[in-house]
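Below is one structure, written out as structure tokens; the observations come after it.
Each chain gets a letter, A, B and so on, in the order its sequence line appears, and its residues count up from 1.
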Amino acid sequence: MTGNNILGIIYSNKYDECLNEITGLRTMGSVPFAGRYRLIDFALSNMVNSGIEKVGVITKSNYQSLMDHLGTGKPWDLSRKTEGMFILPPFSSASNMGGYTNRVEMLRGVMGFISRSTEEYILLSDCNEVMNIDIDELMDFHTDNNADISIVYQHGDLPKLDNIMELQMQEGGRITQVALSPNTSGAVDYSLNMILMKRSLLQRLINEAVSLNHESFERDIIQGNVSKLRIFGFAAKGFTRTIDSLASYFKVSMDLLEPQNCAQLFDPDRPVYTKVRDDMPAIYGLGSKVKNSLIADGCIIDGEVENSILFRGVRVEKGAVVKNSILMQGSFVATGSTLNYTIADKSVAITPNKTLSGAENYPVFVGKGIVI
Amino acid sequence: MARKMECIAMLLAGGQGSRLGILTKNIAKPAVPYGGKYRIIDFPLSNCVNSGISTVGVLTQYQPLELNDYIGNGQPWDLDRANGGVHVLSPYQQIKGSEWYKGTANAIYQNITFIDRYNPEYVAVLSGDHIYKMDYSKMLEYHKEKDAACTIAMLEVPWEEAPRFGLMLTDDDNKITEFEEKPKNPRSNKASMGVYIFTWSKLRQYLIDDEANPDSSNDFGHDVIPAMHNAGEKMYAYLFDGYWKDVGTIDSLWEANLDLLNPKVDLDLSDPTWKIYSKTPTAPPHYIAASATVENSMIGEGSQVYGELDFSILFHNVTVEEGAVVRDSIVMPGTVIKSGAVVQYAIVAENAVIEENAVVGERPEDMQNLEDWGVAVVGAGVSVGKGAHVAPKAMVDADVKEAE
């Protein structure tokens, strides 16, 4: 143990179903985001930037693209002789056929990994939260409050996800009440499912839950222990967004066109790392017209692009118009075509003179590799 | 003993590149940034990897710090290998004393032990100063086919430029019959590209002989190649017909960068089968604001453009504020160009600041006397004050005061 004494655990598949258009072929963790990233890059980079040296990535299904992205963990400096990154595929046994259905089962499935680790603390994280958080600050908060469990939260509309914890806190942050996906309207304090506690405590709680046949991490472990344990809420700062649907994926992406948001999420002091693709810088041709857009390496733009996010290696031909759209890696828009409120997955080709148009709350989605 | 390699490469990266002036004040020429994200040395290194040469010795001498740091363990080029890989070879101390690399041939001579460890049949000697994409494996095939002692890559240059190069005269079989070093009246337009493949057993002996000759300047072009030729060794020219550019001067560096924006120039960096690898900065995609106009340009990651950009190359993390104009220029990483500033026909090095309303460079069409015109250069970390003017052809390596 040479790092900061925290073991990181990332659930790569949690909430896949809320983004089933994009996660049809991949995990939540490997959903492409912000022009060159995958969602898991945020969780991994947050951990690495605070000095975490050992991270276990829990996978359930469809994790080929995730493994391809993560490789040996080198881009996050997690390819180590000691510690580093560990991919934890489902473990099937007589009592468990492999497919996890809840967090308790997932954690139980990787209990061997957790038990063999030596770090004093454990930090659990999902992949559908886009944020750049200083985990050292969370750790200080945790110890200053003598907390048993610290939960990162933010104030906002409750995401439309199962078992999202709405938190009631007293002054100082101690959580007094937890409601699970209640029917509320308006902004509330809700958990971002980044949770810090002692590793030994998690082991004990999971063992108890298993012996009592408890299934829900949120209900049985957090809600059920609100009065018995010191559970605190830690407010996330800066640009923090939860992705709970295709519409929110679209909106959160577009929020990055506000330079202030981009600057917060991609704080140069806490960089977000990702796999390198070795593209050339983007090239803009004669007569190209680009406004208010994020453009990644390898793009070749001869047409018009506005209010859009172009991933690596996208080509927009002369005479093509792309507005309010997200085009993933290697997409191609031919001359005479117009896209508006469209999300194109990887390697989509739009042939000449086609028009696709969605709405802000309902963007058109074009699946991976489709030719229109 | 390392495992035997058929061919290894020795990359000469010790050059100062003095004609690049302040751009090479603190870095060696091969480390000079090029093309929006690369450094010059990325080209020969990537060519090696793409040609299947996985053992590369990089000979450094002048200002090696940044170059050594950049190459690191070679991972960005996939040259962090269990066997072979990239090795930075600086001059070192030996029993009989320490010695700088006296010349290109001496640099290889001092590393004979390194080469012998891999017991190669062939050694490619490459220069770290050129921009080109070349498959060395084809040249090696040719070398073997001709059973040559030395094969030199050559390029047919326009006759009027021929006097600037080392030229070769060849017979019908491309066997080299004569060399001409920068002749006034060239008899050939076949110029040497500074890319050699040698049969190692031959070269090894010539290097030892050259070292023993007190009159030698220990240079490949001046000494070793003529010696091999005079001894009647089989030397062949290998014709290369792609893009190749020596970026030895400010003008040629400027041109070679802007060549990337010319669709007629045969240098495609987007080819997935021949990628040019480099250390990629950790930065988000670049942002083009609603106030920006961008045409005919290349932009690296993390840059933010609010102003006007035309026919220019921006490296990563460059900021062009609203109302600023950048045209016909190259702006290296981390530089900020503030509102109202104009940068034209210029190279601005890393982390410089061009303050509000400052003007760097001049358009040739605005010059009264074209003799005075040239590309303006602002050095790394330099601040050009508000409203200040950097003249064309000027090289600025200290802060320029605000205009009165």
> Counting heavy-atom pairs under 4.5 Å to chain B, which of Gly298(A), Pro271(A), Pro259(A) comes out on top?
Replying inline: Pro259(A)

> Does atom CG of Asp241(B) have more than 12 heavy-atom neighbours, drawn from other residues, nucleotides or ligands, at distances under 6.0 Å?
Replying inline: no

> Between Ala282(A) and chain B, which part of the residue has a heavy atom less than 4.5 Å away: side chain, backbone, both or neither?
Replying inline: both

> Between Lys37(B) and chain A, which part of the residue has a heavy atom less than 4.5 Å away: side chain, backbone, both or neither?
Replying inline: both

> Which bit of Phe315(B) is near chain A, if near means a heavy-atom gap under 4.5 Å: side chain, backbone, both or neither?
Replying inline: neither

>> Among Gly300(B), Ala289(B), Ser291(B), Gly302(B), which residue has the highest count of heavy-atom pairs closer than 4.5 Å to chain A?
In response: Ala289(B)

>> Heavy-atom pairs under 4.5 Å with chain B: which of Thr274(A), Leu286(A), Ile295(A) has the most?
In response: Ile295(A)

>> Could you check whether atom NZ of Lys289(A) has more than 12 heavy atoms from other residues, nucleotides or ligands sitting under 6.0 Å from it?
In response: no

> Picking from Ala292(B), Gly36(B), Ser297(B), which has the most non-hydrogen pairs under 4.5 angstrom with chain A?
Replying inline: Ser297(B)

> So which part of Val276(A) gets closer than 4.5 Å to some heavy atom of chain B, the side chain, the backbone, both or neither?
Replying inline: side chain

>> A quick test of your reading: do over 12 heavy atoms of other residues, nucleotides or ligands sit less than 6.0 Å from CD of Glu365(B)?
In response: yes

> What's the spacing between Ile301(A) CD1 and Glu295(B) CD if we round to 0.5 Å?
Replying inline: 12.5 Å

>> Which atoms of Leu260(B) are under 4.5 Å from chain A, going by heavy atoms: the side chain, the backbone, both sets, or neither?
In response: backbone

>> When you measure from the side chain of Lys291(A) to the backbone of Ile288(B), do you find a donor-acceptor pair of N or O atoms at a distance under 3.5 Å?
In response: no

> For Phe311(B), is it the side chain, the backbone, both, or neither that has a heavy atom closer than 4.5 Å to a heavy atom of chain A?
Replying inline: neither

>> For the backbone of Ala283(B) and the side chain of Arg36(A), can you confirm whether one donor and one acceptor N or O come within less than 3.5 Å of each other?
In response: yes

>> Going by side chain to side chain donor-acceptor pair (under 3.5 Å), name the residues that satisfy it together with Glu66(B), two or more places apart in sequence or in a different chain.
In response: Arg39(B)

> For chain A, which of Thr282(B), Asn317(B), Ile276(B), Thr293(B) has the most heavy-atom pairs under 4.5 Å?
Replying inline: Thr282(B)

>> Please rank Gly285(A), Ser288(A), Pro268(A), Ser293(A) by heavy-atom pairs under 4.5 Å with chain B and give me the top one.
In response: Ser293(A)

> What is the minimum heavy-atom distance between Gly35(B) and Pro281(A), and which atoms define it?
Replying inline: O-CG, 3.4 Å

> Quick check: are there more than 12 heavy atoms from other residues, nucleotides or ligands sitting under 6.0 Å from NZ of Lys251(A)?
Replying inline: no

> Side chain of Thr280(B), backbone of Asp278(A): donor and acceptor closer than 3.5 Å?
Replying inline: no

> What heavy-atom pair brings Arg277(A) and Lys275(B) nearest, and what distance separates the two atoms?
Replying inline: O-NZ, 2.6 Å

>> Just so I know, are the side chains of Ser312(B) and Tyr284(A) near enough to count as touching, which here means a heavy-atom distance under 4.5 Å?
In response: no

>> Out of Ile313(B), Leu261(B), Val305(B), Val294(B), return the one with the most heavy atom pairs under 4.5 angstrom to chain A.
In response: Val294(B)

>> Report which part of Phe311(A) has an atom under 4.5 Å of a heavy atom belonging to chain B: side chain, backbone, both, or neither.
In response: neither

>> Is it the case that over 12 heavy atoms from other parts of the model lie below 6.0 angstrom from the CD atom of Glu258(A)?
In response: yes

> How close do Pro285(B) and Gly35(A) get, heavy atom to heavy atom, and via which atoms?
Replying inline: CG-CA, 3.8 Å

